[in-house]
Protein chains: 2
Amino acid sequence: MTADLEITRLGESGGKGFEKVFAFLRERLLAGSLRPGDRLIPERDLAAQLGVSRPILREALRALTVLGVVEIRDRVGTIVRRPDPSVLNDFFTFAFAQQAEVIDDVMQARIAIECQAVRLAAERATVSDFEKLQQALARIVETIDDADAGGVADFEFHRAVVTAGKSETLIVLHQSLSGILMRSHRGRRELLQVFDTMKTYLIDDHRRIFDAIIGRDPEHAEKVLREHFAIGDDFRRRAAIGEPGRRSASS
Amino acid sequence: MTADLEITRLGESGGKGFEKVFAFLRERLLAGSLRPGDRLIPERDLAAQLGVSRPILREALRALTVLGVVEIRDRVGTIVRRPDPSVLNDFFTFAFAQQAEVIDDVMQARIAIECQAVRLAAERATVSDFEKLQQALARIVETIDDADAGGVADFEFHRAVVTAGKSETLIVLHQSLSGILMRSHRGRRELLQVFDTMKTYLIDDHRRIFDAIIGRDPEHAEKVLREHFAIGDDFRRRAAIGEPGRRSASS
DNA sequence: ATTCATACCTTGGTCATACCAGAATACATA
DNA sequence: TATGTATTCTGGTATGACCAAGGTATGAAT
């Protein structure tokens, strides 16, 4: 369906062109005049009705695009999108990137998200989730000797945990934060730092997390996951100071 | 200072105009070639170097603007901004507008953030933080009979807790999530649902959280905070189904 | 030499027009 | 009715131009 905008007295709208248009569209979007799935009228017409040129109208539409509010489909039209939190990725990428020193800080947020998610997972996980977790766990065992693939498997397991939590918001935040960590040097290095003593830690810890979820024990699940992060951090810390870490994992 | 972009082999960059430019700028921003405070070269020059027209270049710049990455100053230039979390609010306004059903989900994320933050707070809080928390606590007691002010005081306390955690990432996320919850109907209603039995709950719970932080006990702090949320959720649930909730707060 | 007023250049803000390519649609044909 | 083709519609992009005000250099006045 095409949403025909009721344009009324545009001249008095404050702002200079872009600001005016953007504000107008935002109002329509937030008020609900424009609903997900609606298709805006053609750019030329809309620009004319709003009293601005097409380039300016497009600036506003593009701005709404990066906000995930609308989607401009080539040779089709501009349609209102269903609020999709995934656009947060772009934002977080900018917000936290380039600040290498905040990686540890971002990690804290990831821990926060996962610890909450694992609780929810223990309550909400379905049989399907169990299977996914099982597979992820198996993958970790399989790739235990491959640094790269192992890192991916590790990440996938954690992602499966969060997914099992069934919280869209947590899933989105986790995805965003993971992206940041992935891009960081430390994040990549982490994937490579797999010495022998780490293998059992990796496998056993993840299995315990899995068991806790299966056992529907949120409290224990979080506890185990939290320890998992603590130990991982310990490993990373040792690696950072140059200690080979060939000794046992006893702190 | 003016950041002169080293343009190299632009033709091969994938994407169609806007996408190409946006990707290029994003890469520069993320890589650190462009740092906060830097001023981009004039639009005309930049457009020429990137091989696109000025309108397209402006679309990309405008997109970066809504992401809070750069700031276009009229008749001055485009300068790279320091990551400013405040733009998240504008963003979330769209992302979760009129989607009341996701409020509970967002709340899960808030719980996640705060539970992690309170742990950190118990470890990192300074004397200054203690004072802030003390004041926030006192404010809660003062405004216990005022629904509006009380709601604000409650929020301020939680904010103080997160702040005391000294994690920029958690602070940013908390602020954003709080913004969403504030704007929601349920969020506002929550502030109004202050029946008598809730008063002691409000005061006692927050005091216990405060004590746990003072006592440098992360484990206990999280436990208390989590219970606090659970009870609050219980209150809200009862209010939602119409039960006056005059009974005691026992489970 | 210092101060200050003025003209000039720069730079973002905007508009109008034009062309392209492909999706959507209408229409003619088998 | 089914199908292939021509037309229209729509976004994607490029040019060139004009405006207004911030910056700056110039030069006169002190």
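Protein chains get the first letters and strands the later ones, always in sequence-line order, with residue 1 at the start of each. This is a predicted model, so every value here is computed, not measured.
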Distances under 3.5 Å between protein N/O atoms and the N/O atoms of nucleotides 8-12 of chain D, please, pair by pair.
residue, atom, partner, partner atom, Å
D/dG11, OP2, A/E43, N, 2.9
D/dG11, O4', A/R75, N, 3.2
D/dG11, N7, A/R44, NH1, 2.9
D/dG11, O6, A/R44, NH2, 2.9
D/dG12, OP2, A/R58, NH1, 2.5
D/dG12, OP2, A/R58, NH2, 2.9
D/dG12, N7, A/R54, NH2, 3.2
D/dG12, O6, A/R54, NH2, 2.8

TODO: Begin from the C-alpha positions of B/K166 and B/D129 and carry the test salt bridge (charged side-chain N to carboxylate O under 4.0 Å, His left out) through to its verdict.
DONE: CA-CA 10 Å; B/K166 299 277 184 294; B/D129 292 320; 2.3 Å; yes
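Under the rule for a side chain to side chain donor-acceptor pair (under 3.5 Å), the partners of B/H174 that lie at least two apart in sequence or sit in another chain are B/E114. Evaluation of the side-chain contact (heavy atoms from CB on, under 4.5 Å) rule for B/E71 yields B/R73, B/I79, B/R81 as partners, not counting sequence neighbours. For the side-chain contact (heavy atoms from CB on, under 4.5 Å) test, residues two or more places apart in sequence or in another chain that qualify with A/D45 are A/I41, A/P42. Shown here are the side chain to side chain donor-acceptor pair (under 3.5 Å) partners of B/S167, two or more places apart in sequence or in another chain: A/D105. Looking at residues two or more places apart in sequence or on another chain, you find a side chain to side chain donor-acceptor pair (under 3.5 Å) between A/E59 and B/R58, B/R62.
To the nearest angstrom, C1' of C/dT11 lies 14 Å from CD1 of B/I79. One interatomic measurement links the two molecules: CZ of A/F22 to P of C/dG13, which rounds to 15 Å at whole-angstrom precision. Taking atom CD on B/E71 and atom P on C/dG12, their separation rounds to 13 Å, with Å as the unit. Taking atom NZ of residue A/K20 and atom P of nucleotide C/dG13, one finds them 15 Å apart after rounding to whole Å.
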